[in-house]
Amino acid sequence: MKTDVFALRHIGPREAHCNEMLQVVGATSIEALISETVPDNIRLQSPLNLEAPLSEQEYLEHIHQLASKNKVFKSYIGMGYYPSNLPAVIQRNILENPGWYTAYTPYQAEIAQGRLEALLNYQTMISDLTGMELANASLLDESTAAAEAMALLFAVRPKPQAKAGTVKFFVSDEVLPQTLSVLKTRATPIGIELVLGAVDDFDFSSEFFGALLQYPGKSGVIMELQPFISKANENDIKVAVAADILSLVALEAPGKFGADVVVGTTQRFGIPMGYGGPHAAYFATKEAYKRFIPGRIIGVTKDMDGNRAMRMALQTREQHIKRDRATSNICTAQVLLAVMAGMYAVYHGPKGLKYIANKVHNTATTLADALENLEFNLVHNSFFDTIQVRIPENIDLKTKAEQKEVNFYYPDATTVSISINETTTLSDLNLILSIFAEVYSKETTQIETLSSNIRIPEAAQRHSDFMTNVIFNSHHSETELMRYIKRLERKDLSLNFSMISLGSCTMKLNAAVEMLPLSWPNWGNIHPFAPLNQVEGYRTMLAKLEEQLTEITGFAGTSLQPNSGAQGEFAGLMVIRAYHKSRGDAHRKICIIPSSAHGTNPASAVMAGMKVVVTKSSENGNIDVEDLREKATLHKDNLAALMVTYPSTHGVYESAIKEITQIIHDNGGQVYMDGANMNAQVGLTNPGNIGADVCHLNLHKTFAIPHGGGGPGVGPICVAKQLTPFLPGNPLIETGGTDAIDSISGAPFGSSLACLISYGYIKMLGAKGLTDSTEIAILNANYIKERLQGHYDTLYSGERGRAAHEMIIDCRDFKANGIEVVDIAKRLMDFGFHAPTVSFPVAGTMMIEPTESEGKAEMDRFCDAMIAIRKEIEAASKDQPNNPLKNAPHTQEMLTKDVWEFPYSRAVAAFPLNYIKEDKFWPSVRRVDDAYGDRNLICTCAPIEAYEEA
Ligand SMILES: *Cc1c(COP(=O)(O)O)cnc(C)c1O
């Protein structure tokens, strides 16, 4: 047998185990199980048409070769992306460490205190640098964050403004072009009118509810915020500022001037450019808007014993609740990147950041002086890091610069823009000068030292303190930081400890070989707006990935731009909207969504300007076809789309799916398939085959990108032929359809660097490995279903009694014994497991999805744990709430107390099954008190006294 086959490493169960499991589930073969599970009428007739799979070694050689086709030039392009130095200690201990990158979103706070603390550091850093009261734990990119700021200001308009129909939003002409494009996408469907102009010409008329400024502007100019914001506030116009994070070290915080929202990216805090992403965007605002903040906020609270503990605060714990009343659809964000940027701040501290910012500024000043000495004129005399230089029209600077492997940015024929960054050295400066001297035939001398002139206007210079907290002033040696990172890591349960069987989230293996290339400079150090002839490796990889995904989904085209599944939903619906509009059907705005849908579905539909009509589920968990037909017919003149998850969020392949898609088409609508459950389809069926028109894929679920503790995500959309013309574009790099909608993300291909992971996944598995993965995922789910039989009721199953790739167990009856589903979730921690998905899509249930990567032994341990817990539930009683379930999780601290006052033994508390003795995971806090923290909102690492007072 060939053993250098990647599929053997990716798929958990060995052949002998598969046979044992098949026996347990009562199927004669995998093929038999699959045909009992997946309806015949939707099965693919032929295998996927993909290239032959590569072994790990072959893949590394292949991807290395592709990498060599990317040219790493010195990048002075700026425009929101900068080279930066990723400290090796962060690269090795976070980016390259499965303890960090395989973690899930910290819903189970007791086993997530490490990343929660890292994110709290991030929020504190953002609050401090921006001068705002509250910051969230990241957004997808700067452009999306700006659009979220606009949406927030629109949502919080004062009543008189809303009554008067005030819809205008002013956008400074200094705002980055990719941000403007994302703003347009977001503004149009909800009726916001963008007005682009120079800040000096703005008349502050009452027709505006808000404004967006860029600080410093794209031309490098540093505008005076104070007068603008004061005047705006006098006229009830709220102001958002998109600010460069490094510049805020040297420039006074926008919050000090009264900004309402401050957004930006933290990419230049040690995150590789990666041809556009992933990077963590930040979002900071006033406490007054806390209920409207998009994404997740980490807050401090206490646990059952009164110890300090962190968890996701406010509405951000449960993003499904708001559904179509949500003002944002953010679910997956950029946690891993936020953790890294936060650690960069911890490592450098305020002094280190000042050193870096000053060096960048001094380098820019030195260059400006030297160019002025050569009689060049600058567009702006003051700046932070970006200088624009007037150049004669007919002399070719660009070619010469590129010969010297230098990229500048050329906003027009007579201007060159040069953005200095953390990595720029004296010899880089001299190279830039020598290029100018050569092209324009001037004499220049070597620069030996940096100037210390400051070219930041007096009024804009920073005087306020930042990052005074002890956390930013302690870990400045590598030993200290390494241990701090390890200390946090040990508090978190990740895939390198045990199975995380989260239904709908597909926590499968993130293979090391898929991750390796992310650390290579030829993938990391590439600017998204670099000239095309320098990025052949990226373009080949991305085009191939699009092709692979198009084939897998059975569609005609793919856009990799959306940075999460929810952004994919928004993108797909916007494409549908454009399609209807192109046919004179702009009035088609009804979007039918089943009641069982993920909360992001209705939220995205509302963002796309659609009206949500909810359709029921039948008793067996399927879409109620007759109810759907009725609603589709009723709305046939205005029907835009159906959003449907397949297999359903109930974990069932509905055989009526083709009928369902036909009903929608017959009534003039398009079918949007939520592809979160694609792990149950790949190679067996596909969205094209079931009659959908567009789907998103969560590459961070089905296609092996790690969850990173809640991001990065990649949410490409794949579309049928009629929708391809509308795939999203980019204002600077040509991409998307012939009639492209505006951008969904700032970068032309979204998070290109993360796309490498999915590319490798598909390349190494090939058609057979992918299909085998789907089949084993189904086998594994059915095995767990069978093993839990008699202990837990499975809520729904297919026509022949089979689960799909996930299954729901009903825990609602345990209420009679005083046990809630969260008690089971917390008790699982004592057994070393992360809970399955809790209360989605049905309250009081758990949804279990093991994925193909888990082997039989691990699933057996999990089932043993669940069965042991079931016995504890049996023994529990409403009148005796002092039991191991209600008290879970149990910490080392409580176990080792001299007094033990519980009616069960310490061994039952901590070692309820034998396997746990060998490898115990200790939750670092006891059950956290969510409500307490919401009443006493603290979202920064305030000094310890603050908690005591609260
Ligand atoms: C995960 C998920 C989403 C949202 O995807 P994100 O990448 O988190 O934005 C949407 N629908 C379903 C069914 C999901 O499971």
Side-chain angles (χ1 to χ4, degrees), residues 104-107 137-141 144 148 277-278 294-296 312 316 318-320 322-323 326 328-336 500-508 560-573 593-605 607 617 623 643-652 672-681 687 692 694-717 744-745 750-751 754-755 758 804-806 808 836-842 847-849 851:
Y104 180 62
T105 307
Y107 280 112
S138 79
L139 283 181
L140 299 166
D141 69 2
T144 321
E148 290 290 345
R296 285 147 182 160
M312 293 196 273
T316 61
E318 250 319 326
Q319 23 89 24
H320 311 305
K322 283 199 174 178
R323 301 185 78 90
S328 158
N329 66 346
I330 299 293
C331 181
T332 289
Q334 299 281 15
V335 170
L336 190 71
I500 302 180
S501 59
L502 280 158
S504 210
C505 301
T506 317
M507 299 288 289
K508 61 171 64 178
L560 295 168
Q561 208 176 87
N563 282 322
S564 72
Q567 291 305 98
E569 293 168 17
F570 178 55
L573 292 172
I593 302 180
S595 55
S596 62
H598 194 269
T600 53
N601 289 190
S604 300
M607 279 167 58
S617 294
I623 289 179
M643 289 186 93
V644 62
T645 306
Y646 199 79
S648 72
T649 50
H650 291 152
V652 174
Y672 183 96
M673 197 203 80
D674 180 326
N677 287 345
M678 198 63 198
N679 212 44
Q681 291 195 37
V694 44
C695 76
H696 78 257
L697 299 172
N698 301 67
L699 298 191
H700 47 300
K701 296 180 179 172
T702 313
F703 295 93
I705 293 178
H707 273 65
V714 177
I717 52 169
I744 295 293
S745 308
S751 294
C755 284
S758 300
H805 66 310
E806 63 190 5
I808 298 175
T837 299
V838 174
S839 286
F840 172 79
V842 184
M847 180 154 62
I848 306 170
E849 178 184 2
T851 85

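We count ligands from 1, going down the list as the structure has it; atoms in each ligand are counted the same way.
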Would H700 count as a contact of ligand 1 if the rule is a heavy atom under 4.0 Å away? yes
Using distance alone, determine whether [X] and ligand 1 share an N or O pair under 3.5 Å.
{"X": "F840", "result": "no"}
{"X": "N601", "result": "no"}
{"X": "D674", "result": "yes"}
{"X": "H696", "result": "no"}
{"X": "T332", "result": "yes"}

Starting from atom 2 (C) of ligand 1, which protein heavy atom do you reach first, and at what distance in Å? K701 NZ, 2.4 Å
Distance-only donor-acceptor check, side chains [X] and [Y], under 3.5 Å:
{"X": "S504", "Y": "E849", "answer": "no"}
{"X": "T645", "Y": "N677", "answer": "no"}
{"X": "S648", "Y": "H650", "answer": "no"}
{"X": "T600", "Y": "N329", "answer": "no"}

Where ligand 1 meets C331 - atom numbers and elements under 4.0 angstrom, heavy-atom basis: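 Those of ligand 1 that fall under 4.0 Å from C331 are 8 (O), 9 (O).
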How does A676 reach ligand 1, by side chain, by backbone, by both or by neither, if only non-hydrogen atoms under 4.0 Å count?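 Within the 4.0 Å criterion, A676 contacts ligand 1 through side-chain atoms alone.
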